[in-house]
Amino acid sequence: RAPRPLAPPDGGVVALLPGSRAGEIERHMPALIETCKVLRARRPRVRFTFAAADRATERAIAAALGSAFLPPFLGDAHDGTAGTGIRIVRGSREALDDADAACIASGTAVLEAALREVPTVALYIVSAAQVPIARRIWKRPHITLPNILLEREVVPERLQDDATPQRLADALAELLDDPSTQLAGLRDVRAALGDPRALERSAEFALELARV
């Protein structure tokens with residue numbers, strides 16, 4: 001995509017991708033909603049775009065948002081936000097199209113955002129029962145595909161107890177203020193996967209990791 005101008009200091013567009021599984025929605029939406037509150041308090045004109053994988057996910061996201069109270073949106077209503085500064089779209093592509101930054105549940109969508117050069121923070125929260133299992137199975141220092149590919153942290157990972165609204169909002173605010181460092185790293189991701197088959201190679205890379 002074409003380079004975007006820097007987000008205004010009181011605004012910007014943040015894409016939020018909580019995942020596609022029911023458990024991911026249940027665990028991630030509370031943290032993401034609170035993150036929106038923290039960020040909106042700092043940037044009263046910031047807008048949020050939630051991505052839903054399907055109709056069921058869309059309903060779950062809408063229900064979570066319906067029971068939440070966010071600080072008021074002080075910008076102009078547009079893009080179907082009805083004055084809230086929040087919209088729900090179908091699929092990651094539309095959510096990332098006009099995003100200045102994104103907060104994404106770790107998975108292939110993080111790699112998609114990297115290839116589209118959308119500055120991103122990754123999060124993931126599993127149940128308490130799953131934590132020891134995950135630690136036994138996964139021995140790598142990183143869990144997001146761009147970081148695994150480059151063997152260094154380009155995308156900040158906020159996992160489990162580190163996925164607090166304050167820490168997520170801080171990481172997003174840093175990217176909105178100055179995305180240049182991460183953007184340079186994201187270009188390394190594309191270079192590592194190669195053009196013009198970057199998307200196909202990223203899928204192959206994800207499949208290879210799944211077999212490990």
Side-chain angles (χ1 to χ4, degrees), residues 13-39 48-65 68 86-97 99-131 133-135 137-138 140-149 153-175 182 186 189 199 202-203 205-207 209-210:
V13 179
V14 176
L16 301 160
L17 284 67
S20 57
R21 301 181 181 91
E24 291 174 330
I25 302 297
E26 182 180 354
R27 292 189 297 271
H28 293 153
M29 280 302 295
L32 290 178
I33 288 171
E34 292 303 312
T35 299
C36 290
K37 292 180 181 180
V38 175
L39 205 54
F48 302 106
T49 304
F50 283 85
D54 50 35
R55 179 59 182 158
T57 306
E58 187 176 336
R59 287 196 297 265
I61 292 173
L65 289 171
I86 301 172
R87 64 182 182 134
I88 304 172
V89 300
R90 188 69 62 84
S92 58
R93 180 178 295 275
E94 186 173 353
L96 295 171
D97 270 347
D100 296 300
C103 189
I104 304 177
S106 181
T108 55
V110 178
L111 189 55
E112 178 184 355
L115 293 175
R116 300 184 68 184
E117 297 186 6
V118 178
T120 296
V121 178
L123 83 153
Y124 210 83
I125 303 169
V126 299
S127 68
Q130 291 174 308
V131 171
I133 299 171
R135 286 176 176 165
I137 294 173
W138 193 254
R140 294 172 181 264
H142 306 296
I143 72 164
T144 57
L145 296 175
N147 295 344
I148 294 169
L149 179 66
E153 186 172 275
V154 172
V155 175
E157 297 180 353
R158 300 292 179 261
L159 314 174
Q160 291 303 108
D161 294 341
D162 198 35
T164 66
Q166 188 67 50
R167 289 174 179 172
L168 291 169
D170 286 347
L172 285 168
E174 286 184 22
L175 293 177
Q182 191 182 109
L186 298 184
V189 173
L199 289 175
S202 66
F205 178 63
L207 288 172
L209 284 176

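Numbering of residues begins at 1 and proceeds along the displayed sequence.
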**Asked** When you look at Arg90 and Arg55, which way does the side-chain contact (heavy atoms from CB on, under 4.5 Å) test go after all the steps?
**Response** CA-CA 8 Å; Arg90 188 69 62 84; Arg55 179 59 182 158; 4.0 Å; yes
**Request:** Measure the CG-CG distance between Leu168 and Asp162 for me, rounded to the nearest 0.5 Å.
**Result:** 8.0 Å
**Request:** Please step through side-chain contact (heavy atoms from CB on, under 4.5 Å) for the pair Asp97 and Arg116, ending with a clear verdict.
**Result:** CA-CA 9 Å; Asp97 270 347; Arg116 300 184 68 184; 2.4 Å; yes
**Message:** According to salt bridge (charged side-chain N to carboxylate O under 4.0 Å, His left out), who are the partners of Arg59, at least two apart in sequence or on a separate chain?
**Reply:** none
**Complete:** Heavy atoms of Leu39 and Ala169 approach each other most closely as CD1-O, 3.9 Å
**Item:** Distance (rounded to the nearest 0.5 Å) between Leu186 CG and Thr120 OG1
**Value:** 6.5 Å
**Asked** Which heavy-atom pair separates Ile61 from Ala51 by the least distance, and what is that distance?
**Response** CD1-O, 3.5 Å
**Request:** Taking all non-hydrogen atoms of both residues into account, name the closest pair between Phe50 and Cys36 and its distance.
**Result:** CZ-SG, 4.1 Å
**Fill in**
One should read off an interatomic distance between Ile148 CD1 and His142 NE2, to the nearest 0.5 angstrom, of 8.5 Å
**Under the salt bridge (charged side-chain N to carboxylate O under 4.0 Å, His left out) test, residues paired with Glu157 that sit two or more places apart** = none
**Asked** Are any of the side-chain heavy atoms of Leu32 and Leu123 separated by less than 4.5 Å?
**Response** yes
**Complete:** Between the OG1 atom in Thr49 and the CZ atom in Arg87, the distance rounded to the nearest 0.5 Å is 4.0 Å
**Prompt:** With Arg158, which residues qualify under side chain to side chain donor-acceptor pair (under 3.5 Å), at least two apart?
**Reply:** none
**Complete:** Here the gap from Leu16 atom CG to Ile33 atom CD1, rounded to the nearest 0.5 Å, amounts to 10.0 Å
**Asked** Nearest heavy-atom pair of Leu159 and Ile143: which atoms, and what distance?
**Response** CD2-CD1, 3.4 Å
**Request:** Keeping the roles fixed (side chain from Gln182, backbone from Val155), state whether a donor-acceptor pair exists under 3.5 Å.
**Result:** no
**Prompt:** Can you name the nearest heavy-atom pair linking Ser20 to Thr57, along with the distance?
**Reply:** O-OG1, 3.6 Å
**Asked** Below 4.5 Å, heavy atoms only, C-beta onward: do Cys103 and Thr35 meet side chain to side chain?
**Response** no
**Prompt:** Does any non-hydrogen side-chain atom of Val189 lie less than 4.5 Å from one of Leu111?
**Reply:** yes
**Smallest separation among heavy atoms of Gly19 and Ala105, with atom names** = N-CB, 3.9 Å
**Asked** Is there a side-chain contact between Met29 and Leu65, using heavy atoms and a 4.5 Å cut-off?
**Response** yes
**Request:** For the pair Glu24 (side chain) and Arg21 (backbone), establish whether a donor and an acceptor sit closer than 3.5 Å, ignoring hydrogens and angles.
**Result:** yes
**Prompt:** Considering residues, nucleotides and ligands other than Glu26, do more than 12 of their heavy atoms fall under 6.0 Å from its CD?
**Reply:** no
**Asked** Does the pair His28 and Tyr124 meet the rule for a side-chain contact (heavy atoms from CB on, under 4.5 Å), with working shown?
**Response** CA-CA 7 Å; His28 293 153; Tyr124 210 83; 3.7 Å; yes
